[in-house]
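Report on one structure; see the data block that follows.
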Amino acid sequence: MYMVYWTIIEETDCRPHAQGFGTEEMVKAMGFMEDLRRRQREGEGVRFITMCSEHPDVVGHPGVDVTGPDYDWKKRRR
């Protein structure tokens, strides 16, 4: 799934926003972001436009994991 985040800044008011999109709606999310960028180019107070994704069927946990004492990975150099 995808989330688009943006902030509306008007004078002293700063309001964060978010909108979710399904796993198969990446093109729709990118189109939505482009519309926000168009509004930004036209002078509206739209800022910090970004997209984040998270796959619902991910196998492992996000982030860094602790390795055990038997872990012996080495970078191969030639």
Side-chain angles (χ1 to χ4, degrees):
M1 75 190 277
Y2 302 96
M3 289 292 290
V4 174
Y5 299 95
W6 71 100
T7 301
I8 302 291
I9 299 174
E10 296 173 337
E11 296 177 23
T12 60
D13 189 28
C14 180
R15 291 175 285 130
H17 298 273
Q19 182 167 330
F21 295 88
T23 303
E24 60 287 328
E25 296 182 305
M26 182 181 189
V27 173
K28 186 175 177 181
M30 293 175 74
F32 182 75
M33 290 174 60
E34 187 54 35
D35 185 51
L36 290 170
R37 290 187 179 108
R38 179 190 51 75
R39 290 172 50 191
Q40 184 181 44
R41 287 190 299 271
E42 291 174 354
E44 285 189 49
V46 182
R47 302 287 183 267
F48 305 106
I49 303 162
T50 188
M51 180 173 70
C52 183
S53 66
E54 184 174 298
H55 197 285
D57 299 324
V58 69
V59 175
H61 298 289
V64 178
D65 197 4
V66 177
T67 60
D70 60 336
Y71 183 78
D72 189 32
W73 181 88
K74 290 183 176 67
K75 184 173 182 178
R76 189 155 132 193
R77 297 180 188 263
R78 293 182 183 223

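Values below: all heavy atoms of this structure, side chains included; hydrogens, waters and symmetry mates excluded. No experiment lies behind these values; they were computed from the predicted model shown.
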| query | Restricting to pairs with a member in residues 9-19, which pass side chain to side chain donor-acceptor pair (under 3.5 Å), not counting sequence neighbours? | reply | Glu10-Arg15, Asp13-Arg15
| remark: Apart from Tyr5 itself, its cluster of hydrophobic side chains linked below 4.5 Å comprises Met3
| note | Across all chains, not counting sequence neighbours, the ring-ring contact (aromatic ring centres under 6.0 Å, His included) partners of Tyr2 are none
Contacts under 3.5 angstrom, residues 45-55 side chains, donor-acceptor by atom type, not counting sequence neighbours:
from	atom 1	to	atom 2	distance (Å)
Arg47	NH1	Glu44	O	3.3
His55	ND1	Asp57	N	2.9

| Considering residues at least two apart in sequence or located in another chain, which fulfil the side-chain contact (heavy atoms from CB on, under 4.5 Å) criterion with Arg38? | Asp35, Arg41, Glu42
Per-pair distances, 0.1 Å, donor-acceptor, side chain in residues 21-33, under 3.5 Å, sequence neighbours excluded:
from	atom 1	to	atom 2	distance (Å)
Thr23	OG1	Met1	N	3.2
Glu25	OE1	Gly22	N	2.5

